[in-house]
Undergrad: 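Provided herewith is a single structure, encoded as structure tokens, for subsequent inquiry.
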Amino acid sequence: MEIKTPVRLSLDGNAVLKEAVDRLAHANPAMDTSRRNFLRRSLTLGGLSMLTGCTLIDEDSAEAALTRISRLNDQAQAWLFDPNRLAPTYPDSMITRPFPFNAFYSEDEVREIDGGSFRLEVTGLVADKRQWSLPELRAMPQIDQVTRHICVEGWSAIGKWGGVSFASFLRRVGADLTAKYVGFKCADDYFTSIDMPTALHPQTTLALTYDGQPLPPKYGFPMKLRMPTKLGYKNPKHIQAIFVTNTYPGGYWEDQGYNWFGGS
């Protein structure tokens, strides 16, 4: 079998940007959703190399251009986001059992958190900067939802999550609801951030339970943020700190090139 050496091209960032934008602009409107998603996800250095069969040399310039594309994508998703539109819900009979484990580490590396000593730290643009225990959070009005988790890797699963309405929690701590971002720091060294309209969405939940039971460690004990309007990587587990800010906080995967808005 003949192995061909990849063609090496030197590209400037503007050329890469134009090529990527053209790909999306000229996509067939009848194209199915999976194909459109593939095109969107191909807008990285690796994706363009795969599609063109070329190795990109001018990586700094190209990466800067692709970052601009990602930011434009974020802005477009934010503009299209409807804070009042609900994601589909399902009957308990449709829950995926077992619900898949997913993280940037293997299941045998799941962090074990002591619920008795756990305290949730709340800082930033909030009036009530203090720590919350699990009993205090469980004493707040609880909601639940059976919604679909959609992973950027292409799979999905339906689960039942219960906990505190995140909008209610933000109002309880006196958060500045005009702030741009809400950030999360987690016990497993993960971190991410979301936009305030998503934080205030009626289905965004500070989840404390899964399928009617205390949240298992593999699903994010003592709590995770459950957002059916976002892709899976935007739903942080093992949350230990929440902060409200107008300074862009980034995120674990977002800082590695994933779209920040991450809408599903």
Side-chain angles (χ1 to χ4, degrees), residues 71 73-90 120-132 134 136-150 152 159-186 190-210 215 220 222-254 258-264:
R71 294 294 171 260
N73 194 355
D74 288 335
Q75 292 171 15
Q77 290 184 68
W79 183 76
L80 292 170
F81 179 72
D82 183 347
N84 298 308
R85 182 178 181 182
L86 300 181
T89 58
Y90 305 89
L120 173 67
E121 181 182 14
V122 181
T123 61
L125 302 175
V126 298
D128 187 8
K129 296 181 176 69
R130 70 178 181 90
Q131 296 182 339
W132 290 71
L134 279 177
E136 288 177 312
L137 292 168
R138 290 168 178 159
M140 292 186 66
Q142 306 287 296
I143 61 174
D144 61 48
Q145 59 178 266
V146 180
T147 51
R148 185 180 297 277
H149 171 105
I150 301 175
V152 72
K160 184 175 184 178
W161 314 91
V164 179
S165 160
F166 195 49
S168 297
F169 180 77
L170 290 174
R171 291 185 173 95
R172 176 75 174 270
V173 300
D176 179 356
L177 303 184
T178 68
K180 293 181 179 179
Y181 310 107
V182 182
F184 305 87
K185 298 178 181 178
C186 306
Y190 195 75
F191 63 102
T192 190
S193 55
I194 61 172
D195 57 296
M196 184 60 77
T198 298
L200 298 176
H201 187 276
Q203 289 175 308
T204 298
T205 305
L206 198 57
L208 303 171
T209 67
Y210 179 76
L215 198 65
M223 72 187 66
K224 71 170 290 175
L225 193 70
R226 174 62 191 143
M227 298 175 288
T229 60
K230 296 284 193 185
L231 292 169
Y233 67 89
K234 298 298 296 186
N235 291 242
K237 301 187 292 187
H238 311 290
I239 297 170
Q240 61 183 10
I242 297 173
F243 59 96
V244 178
T245 181
N246 282 316
T247 302
Y248 175 69
Y252 179 88
W253 288 116
E254 297 89 333
Y258 280 51
N259 284 130
W260 177 79
F261 194 85
S264 62

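This chain uses plain numbering: 1 for the first residue, then up along the sequence.
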Undergrad: Got Trp132 and Met140 here, is their nearest side-chain heavy-atom distance under 4.5 Å?
TA: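 The answer is yes; the side chains approach within 4.5 Å.
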
Undergrad: Checking the side chain of Gln142 only, and the main-chain atoms of Leu137 only, is there a donor and an acceptor separated by less than 3.5 Å?
TA: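 Side chain of Gln142 to backbone of Leu137: a pair is present.
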
Undergrad: Relative to the ring of Tyr248, is the ring of Tyr181 parallel (under 30°), tilted (30 to 60°) or perpendicular (over 60°)?
TA: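 Aromatic pair Tyr181/Tyr248 classed perpendicular.
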
Undergrad: Going from NE2 on His149 to CE on Met227, what distance comes out if it is rounded to the nearest 0.5 angstrom?
TA: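 His149 NE2 to Met227 CE: 10.5 Å, rounded to 0.5 Å.
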
Undergrad: Counting distance only, does the side-chain N/O of Asp128 pair as donor-acceptor with the main-chain N or O of Gly174 below 3.5 Å?
TA: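 Looks like no, no N/O pair under 3.5 Å.
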
Undergrad: Any non-hydrogen side-chain atom of Met196 less than 4.5 Å from a side-chain atom of Val182?
TA: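 A side-chain contact under 4.5 Å exists here.
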
Undergrad: Any side-chain heavy atom of Tyr233 within less than 4.5 Å of one from Val152?
TA: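 SC-SC contact between Tyr233 and Val152 confirmed.
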
Undergrad: With distance as the sole test, does Tyr190 use its side chain to make a donor-acceptor pair with the main-chain N or O of Trp253 at under 3.5 Å?
TA: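 Not a single qualifying donor-acceptor pair exists.
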
Undergrad: Could you pull out the closest heavy-atom pair between Phe191 and Pro249, with the gap in Å?
TA: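 In this case the closest contact between Phe191 and Pro249 is CE1-O, 4.4 Å.
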
Undergrad: Provide the closest heavy-atom pair for Trp260 versus Ser193 in the form atom of the first, atom of the second, distance.
TA: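 Smallest heavy-atom distance, with atoms named: NE1-OG, 2.8 Å.
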
Undergrad: What is the distance from atom NE2 of His238 to atom CG of Leu215, rounded to the nearest 0.5 Å?
TA: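 With rounding to 0.5 Å, NE2 (His238) is 8.0 Å from CG (Leu215).
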
Undergrad: I'd like to know if the side chain of Thr178 reaches the main chain of Asp176, judged simply by a donor and an acceptor atom lying under 3.5 Å from each other, with no hydrogens or angles considered.
TA: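 Not a single qualifying donor-acceptor pair exists.
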
Undergrad: Side-chain contact, heavy-atom cut-off 4.5 Å: Ile242 with Leu225?
TA: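 Side chain of Ile242 against side chain of Leu225, heavy atoms only: no contact under 4.5 Å found.
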
Undergrad: Does any N or O in the side chain of Thr204 come within less than 3.5 Å of the main-chain N or O of Thr198, such that one atom is a donor and the other an acceptor?
TA: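 Here the side-chain-to-backbone pair exists.
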
Undergrad: Going through the distances and angles, do Thr89 and Val146 end up as a side chain to side chain contact (heavy atoms under 4.5 Å, CB included)?
TA: CA-CA 5 Å; Thr89 58; Val146 180; 5.5 Å; no

Undergrad: Is the NZ or CZ atom of Lys230 positioned over Phe261's six-membered ring, under 6.0 angstrom from the centre and within 45° of the axis?
TA: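 Yes, Lys230 and Phe261 form such a contact.
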
Undergrad: Rounded to the nearest 0.5 Å, how far does CD of Glu254 lie from NZ of Lys234?
TA: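 With rounding to 0.5 Å, NZ (Lys234) is 3.5 Å from CD (Glu254).
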
Undergrad: Considering non-hydrogen atoms only, spot the tightest contact between His201 and Leu86 and give its length.
TA: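 His201 and Leu86 have their closest heavy atoms at CE1-CD2, 3.9 Å.
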
Undergrad: Nearest 0.5 angstrom please: Phe169 CZ to Leu120 CG, how far?
TA: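 The CG atom of Leu120 is 5.0 Å from CZ of Phe169, to the nearest 0.5 Å.
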
Undergrad: Find the distance between CG (Asn84) and CG (Leu200) and round it off to the nearest 0.5 Å.
TA: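 CG of Leu200 is found 10.5 Å from CG of Asn84.
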
Undergrad: What distance separates Leu125 CG from Leu170 CG, expressed to the nearest 0.5 Å?
TA: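 Rounded to the nearest 0.5 Å, the CG-CG separation comes to 11.5 Å.
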
Undergrad: Between Gln145 and Gln203 (side chain of the first, backbone of the second, donor and acceptor by atom type, cut-off under 3.5 Å), is there such a pair?
TA: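 Checked: pair present.
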
Undergrad: Looking at side-chain heavy atoms only, is the closest gap between Lys224 and Tyr210 below 4.5 Å?
TA: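 Lys224 vs Tyr210: side chains apart.
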
Undergrad: Counting N and O atoms only, with roles assigned by atom type, does the side chain of Thr245 sit under 3.5 Å from a partner on the main chain of Thr247, one being a donor and the other an acceptor?
TA: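 Yes, the answer is positive, given that a donor and an acceptor are paired below the 3.5 Å cut-off.
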
Undergrad: Can a salt bridge be assigned to the pair Glu136 and Arg130 using a cut-off of 4.0 Å between side-chain N and carboxylate O?
TA: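 Salt bridge: yes.
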
Undergrad: So, the side chain of Thr209 versus the backbone of Gly162: is there a donor-acceptor pair under 3.5 Å, distance only?
TA: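 A pair under 3.5 Å: yes.
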
Undergrad: When you measure from the centre of the six-membered ring of Phe243, is the NZ or CZ of Lys185 closer than 6.0 Å and no more than 45° off the axis?
TA: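 Yes; both conditions hold, so Lys185 lies above the ring face of Phe243.
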
Undergrad: Quick one: does any side-chain atom of Asn246 pair with a main-chain N or O of Ala179 as donor and acceptor, under 3.5 Å?
TA: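 Such a contact is absent between Asn246 side chain and Ala179 backbone.
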
Undergrad: How about CZ on Arg148, more than 12 heavy atoms from neighbouring residues, nucleotides or ligands closer than 6.0 Å, or not?
TA: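 Yes, enclosed.
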
